[in-house]
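See structure below.
We count residues from 1, following the sequence as given.
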Amino acid sequence: MTDTLPPQEKVHGLMVNADLSKGPFYIDGMDTTPKLFRKRCHDLGKRTAHREKTFGIWRSHSWDDYFTRAKHLGLGLVSLGLKPGEVVSILSEDNKEWMYTDMGVQCVGSICSGVYTTDSASQLEYLVNNSESRFLLVENDEQLDKFLQVRDQMPDLVKVIVIDREGLHGFSDPQVIFLDELYEIGAAYDAANPQAFDASIDATKPEDTAILVYTSGTTGKPKGAMISHGNLMYSVSAGLRDGPVFDTDNQLCFLPLCHILERVFSVNAPIAAASTINFAESPETIFDNLQEVSPQTFVAVPRLWEKIYSQVAISIGDATGLQKWAYAKALKAGAARADCLAQNKPIPLGTNLAYRFWDIALLQNLRRMIGMDRLRRGGSGAAPISPDLLKWYQSIGVPVLEGYGMTESSGVISINSEGANKVGTVGPALPGAEIRISPEGEVQYKAGNVFQGYWKNPEKTAETFTEDGWLRTGDVGMLDNQGYLTITGRLKDIIITAGGKNITPAEIENKLKFSPYISDVVVIGDKRKFLTCLVMIDQENVEKFAQDRRVPFSNYASLCAAQEVQDLIRETIDNVNKDFARVEQIKDFRLINILLTADDDELTPTMKLKRSFVETKHSELISQMY
């Protein structure tokens, strides 16, 4: 086998293709994730692969456990009738069983598709039917209820497997079994067919579809992006060059594993790097879990980085005068050092001494408080992040580097590295990849991780590619003379004012979101005389602001309506306006006074406002401003 490999080189302890401009892509001699997964599990055996909390205590699970569970789950499904190339859907929060399902399904040559737990029963019905799923794994009784509501509309579904029995001890249904029963079926099949699992893994090919990842569906029904084993092997090979993960690293998995960013970072990359995954208990406990795990590498969406900053900013607001003074001094020393590093300049002795003093006196404790005292590398992706926020993290000694990608590029297109980071850009293209800018300003991409197309949707697939085969990202951007990419907005989001001025709203929105009191914002102004915006406040921080000033409110709507809160947001907007030309300044705003969750049409599962839905649903608020 090694005789047929393309030239390899050792990168951060892994043997990978020396030339990533063409495939197939190998990691340690393996060309698919199932083959690499088997190698890691056999080599690492009893070493910890992942941890999960049970009754408040972190429990470790070995690579042997990982392989056995994936094998019995995959073979159990085969015994029940699953065939190669068929789809299995999973409806669950992040947990070890999600990973066992993902790898078990892929190892038997089938395709795993994730469903967000915030999706409704009707959305579940659409995704199961569209993907032609034969089996569905659900986490618990709450998710099982969704299936039961629409089971008559899913005639091709063979079986539903429930992970957690709690609340279902008396439940019986001929179409439903429990995960422990599936493990038993798989173990019996394995005993009768001891070579079957290895044979299935050996049969996997780079061009086979490995996973389906459904887009958020902001412009119509969600589409299932087909991502191959080769796509994933390229993303991991290229991504780990500039963003290395080591076998001594702990990672924290908290974004939904349905999301391509978390899937690659918490499933595929740890298999390659042999790092340890720790599952957050829930999205609500992420800050506690960060402190407990203190990961060496951590990737999150901008909303989480903004939330951490907001918590620190509010805490400093409550500090004594001396503490505020010390924080300001420490931040100034950190910023001076960060500026030198950003410009690749030597750090002056005085700057270095000042930083070392304040690091010991204050910044180390601050990093420990937010669970980042061991962080070697933080990453931000999935949406634009404010450069001011990145500079703040650099100042406190937390390196947060921005990258860029999309579902259709298997999660990553470009990435900043520790040795070559330009704040405000999303870095250069991955090794072996190409980026170009169209005459309209659109970012277009070509590399080994460009997806295979949309499941059963050749028309939409054709629309996503240029005539000469480049992926159309739909994002507007520019490349500098060193190849660093800057994303300025979405092509469809460009605002053309009544005066004919083209404005990309992302930069304005990111400046506003740097405020600890603003959770999200949508700038309005297409075909209008001036810009306005709709604002979603940060509930926790604004409530504290109101309580500290004894501002009366009874619920979220009355909080938004309070004059002091309106004045607070107006002041934030006025301050941001100073950074922009007159035509780019926000003239008026309205607060969205309904507390939104991921169940609402306006929000994606990663808590980003969907511009089109917001503009339609809150058209009355918008009309008030004009």
Quiz item: Between the side chains of Asn250 and Arg51, does any donor sit under 3.5 Å from an acceptor?
Solution: yes

Self-check item: Under-4.0 Å salt bridge between Asp28 and Lys39
Solution: no

Quiz item: Would Lys307 and Asp538 pass as an ion pair if we require N to O under 4.0 Å?
Solution: yes

Self-check item: Expected output: side-chain Glu509 to main-chain Val523 donor-acceptor under 3.5 Å
Solution: yes

Practice problem: Please answer whether the main-chain N or O of Ala581 pairs with a side-chain N or O of Glu584 as donor and acceptor at a distance below 3.5 Å. | Solution: yes

Quiz prompt | Short side-chain donor-acceptor distance under 3.5 Å, Ser235 and Asn268 | solution = no

Quiz item: Is the CZ atom of Arg356 crowded by more than 12 outside heavy atoms at less than 6.0 Å?
Solution: no

Exercise. Give a yes-or-no answer on whether the side chains of Gln482 and Lys422 include a donor-acceptor pair shorter than 3.5 Å.
Key: yes

Quiz item: In terms of ring plane angle, is the pair His12 and Phe246 parallel, tilted or perpendicular, where the classes change at 30° and 60°?
Solution: perpendicular

Quiz item: Would Asn17 and Gln8 count as having a side-chain donor-acceptor pair, cut-off 3.5 Å?
Solution: yes

Quiz item: So, Asp94 side chain and Leu257 main chain: donor-acceptor pair closer than 3.5 Å or not?
Solution: yes

Quiz prompt | Test applied, ring pair (Phe, Tyr, Trp, His ring centres under 6.0 Å); reference residue, Trp392; option that passes from Tyr309, Phe514, Tyr327 | solution = Tyr309

Quiz item: Salt bridge check: are Asp249 and Arg376 linked by an N-O gap of less than 4.0 Å?
Solution: yes

Quiz item: Is a side-chain donor-acceptor pair under 3.5 Å present for Arg303 with Ser519?
Solution: yes

Self-check item: Between Tyr404 and Asp475, a side-chain donor and acceptor under 3.5 Å
Solution: yes

Practice problem: Heavy atoms only: give me the nearest Glu281-Glu292 pair and the separation to one decimal. | Solution: OE2-OE1, 4.5 Å

Practice problem: Step through it carefully: locate the ring centre of Phe279, locate the ring centre of Trp58, and say whether they are under 6.0 Å apart. | Solution: no

Quiz item: Is the distance between the ring centroids of Phe298 and Phe254 less than 6.0 Å?
Solution: yes

Exercise. Check whether more than 12 heavy atoms from other residues, nucleotides or ligands sit under 6.0 Å from atom NZ of Lys332, and answer yes or no.
Key: no

